[in-house]
Amino acid sequence: MPNQLPPRDGPRVNEDIRVPQVRLIDQDGEMLGVMSARDALTRAYDAGLDLLEISPNAVPPVVKILDYGKYKYEQQKKANEARKKQKVVEIKEVKVRPNIDDHDYDVKMRAMKSFIGEGDKVKVTLRFRGREMAHQDLGIKVLERIRQELGETIKVEQMPRLENRQMIMVLAPK
């Protein structure tokens, strides 16, 4: 087996392009047609630039004359821009009780609305203590009220379900 180079990240450049024929695009974006890879490389060096493989799977592969350092810099800038625009969806947890007071409920609702407005998911945990387990219908009413008030801004990702002594419901922004 001939000695294999480790696979490079990114497109092949200059002497790495080892195909007999290529379709060449010059530095002005003009199609120069099909020619030998050696001729294309000579033209690139004459222009003081590099030969970069744009689409390696085409027959013959398409190569372009450009400044490779500048190309890498542009690609890095694009990747950084894309990373900046990415939003990581977090799951925010809001804990409520079956016999929650109106004011406390309003405060929790404001928090949930702001979380959903920011694009985060909300996990509503309703905890039962002691004999409250006998009145699970009160807990379901509280969760149903939350779902009704948030209305069209959310979709229920996980319907209320009982786990041990707590009911859990997950809401996501629409």
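- The closest side-chain heavy-atom distance from Ile100 to Lys108 is below 4.5 Å.
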Point to revise | Residue pair Leu150, Lys113: steps toward the side-chain contact (heavy atoms from CB on, under 4.5 Å) verdict | key: CA-CA 7 Å; Leu150 290 173; Lys113 284 176 184 169; 3.6 Å; yes

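- At a threshold of 4.5 Å between non-hydrogen side-chain atoms, the residues Tyr45 and Leu51 do not count as touching.
- Connection of Leu49 to Leu32 is established within a shared hydrophobic cluster, with ILVMFWY side chains joined at heavy-atom distances below 4.5 Å, either directly or through further cluster members.
- Around the OH atom of Tyr73, the shell of radius 6.0 Å holds no more than 12 heavy atoms that belong to other residues, nucleotides or ligands.
- Under 4.0 Å is where a charged nitrogen must lie from a carboxylate oxygen, and between Lys92 and Glu90 at least one such pair does.
- For Met31 against Arg23, the heavy-atom pair with the smallest separation is SD-CG, 3.5 Å.
- Contact of the Val107 side chain with the His103 side chain is registered, since non-hydrogen atoms from C-beta on lie closer than 4.5 Å.
- The minimum heavy-atom distance between Val142 and Pro98, with the atom names listed, is CG2-O, 3.3 Å.
- The backbone N or O of Tyr68 lies less than 3.5 Å from a partner atom in the side chain of Asp50, making a donor-acceptor pair.
- Atoms CG and CD, on Asp67 and Glu74 in that order, are 10.0 Å from each other to the nearest 0.5 Å.
- Checked against Val19 for a side-chain contact (heavy atoms from CB on, under 4.5 Å), the options Pro56, Ser36, Pro60, Pro61 give a single hit: Pro61.
- Annotation: side chain of Gln75 is not in contact with side chain of Lys72 (no heavy-atom distance under 4.5 Å).
- Side-chain contact between Met159 and Met169 is absent, with no heavy atoms from C-beta onward closer than 4.5 Å.
- Expressed to the nearest 0.5 Å, how far CD1 of Ile146 lies from CD of Gln148 amounts to 11.5 Å.
- No chain of hydrophobic side-chain contacts below 4.5 Å, direct or via other Ile, Leu, Val, Met, Phe, Trp or Tyr residues, connects Leu138 to Leu143.
- To the nearest 0.5 Å, atoms CG (Leu171) and CZ (Arg147) are separated by 9.0 Å.
- How far CD of Gln27 is from NZ of Lys64: 9.5 Å, rounded to the nearest 0.5 Å.
- Summarising the geometry, atom CG belonging to Asn164 is positioned 8.5 Å from atom CE belonging to Met133; distances are rounded to the nearest 0.5 Å.
- The 12-atom threshold is exceeded at CG of Asn80, counting heavy atoms of other residues, nucleotides or ligands nearer than 6.0 Å.
- In summary, the side chains of Asp39 and Thr42 do not present any donor paired with an acceptor at a separation below 3.5 Å, with no hydrogens or angles considered.
- Note that the CZ atom of Phe115 and the CD atom of Glu93 stand 10.5 Å from one another [nearest 0.5 Å].
- Residues satisfying the side chain to side chain donor-acceptor pair (under 3.5 Å) test with Asn57, not counting sequence neighbours, are none.
- Following chains of ILVMFWY side-chain contacts shorter than 4.5 Å, one cannot reach Leu24 starting from Val59, and the two form parts of different hydrophobic clusters.
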Practice item. Output, in order, the C-alpha distance, side-chain angles, deciding distance and verdict of side-chain contact (heavy atoms from CB on, under 4.5 Å) for Val63 and Leu52. Key: CA-CA 5 Å; Val63 294; Leu52 181 82; over 6 Å; no

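- Under the 4.5 Å side-chain contact rule for hydrophobic residues, Ile25 and Leu41 do not share a cluster.
- Using modelled atom types, one finds no donor on one side chain facing an acceptor on the other under 3.5 Å when comparing Thr125 with Gln166.
- Around the CZ atom of Arg165, the shell of radius 6.0 Å holds more than 12 heavy atoms that belong to other residues, nucleotides or ligands.
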Exercise for review: Just do the side-chain contact (heavy atoms from CB on, under 4.5 Å) check on Val22 and Ile17 with the steps written out, would you?
Suggested key: CA-CA 9 Å; Val22 294; Ile17 301 170; 4.3 Å; yes

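- Applying the side-chain hydrogen bond (donor to acceptor under 3.5 Å, both in side chains) definition to pairs two or more places apart or across chains, those involving residues 127-142 are Arg97-Glu132.
- A side-chain donor-acceptor contact under 3.5 Å links Asp26 to the backbone of Asp28.
- Environment of NZ in Lys77: sparse, with no more than 12 heavy atoms of neighbouring residues, nucleotides or ligands closer than 6.0 Å.
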Check your understanding: Which is it for Arg43 and Ile65 under the side-chain contact (heavy atoms from CB on, under 4.5 Å) test, yes or no, and what are the steps along the way?
Key -> CA-CA 8 Å; Arg43 286 187 184 209; Ile65 296 175; 4.1 Å; yes

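- Using a 3.5 Å distance cut-off with no hydrogens or angles, the side chains of Glu149 and Tyr105 do pair a donor with an acceptor.
- One hydrophobic cluster holds both Val96 and Val156 under the rule that ILVMFWY side chains link at heavy-atom gaps under 4.5 Å.
- Between Lys174 and Glu152 the shortest heavy-atom distance is CD-O, 3.3 Å.
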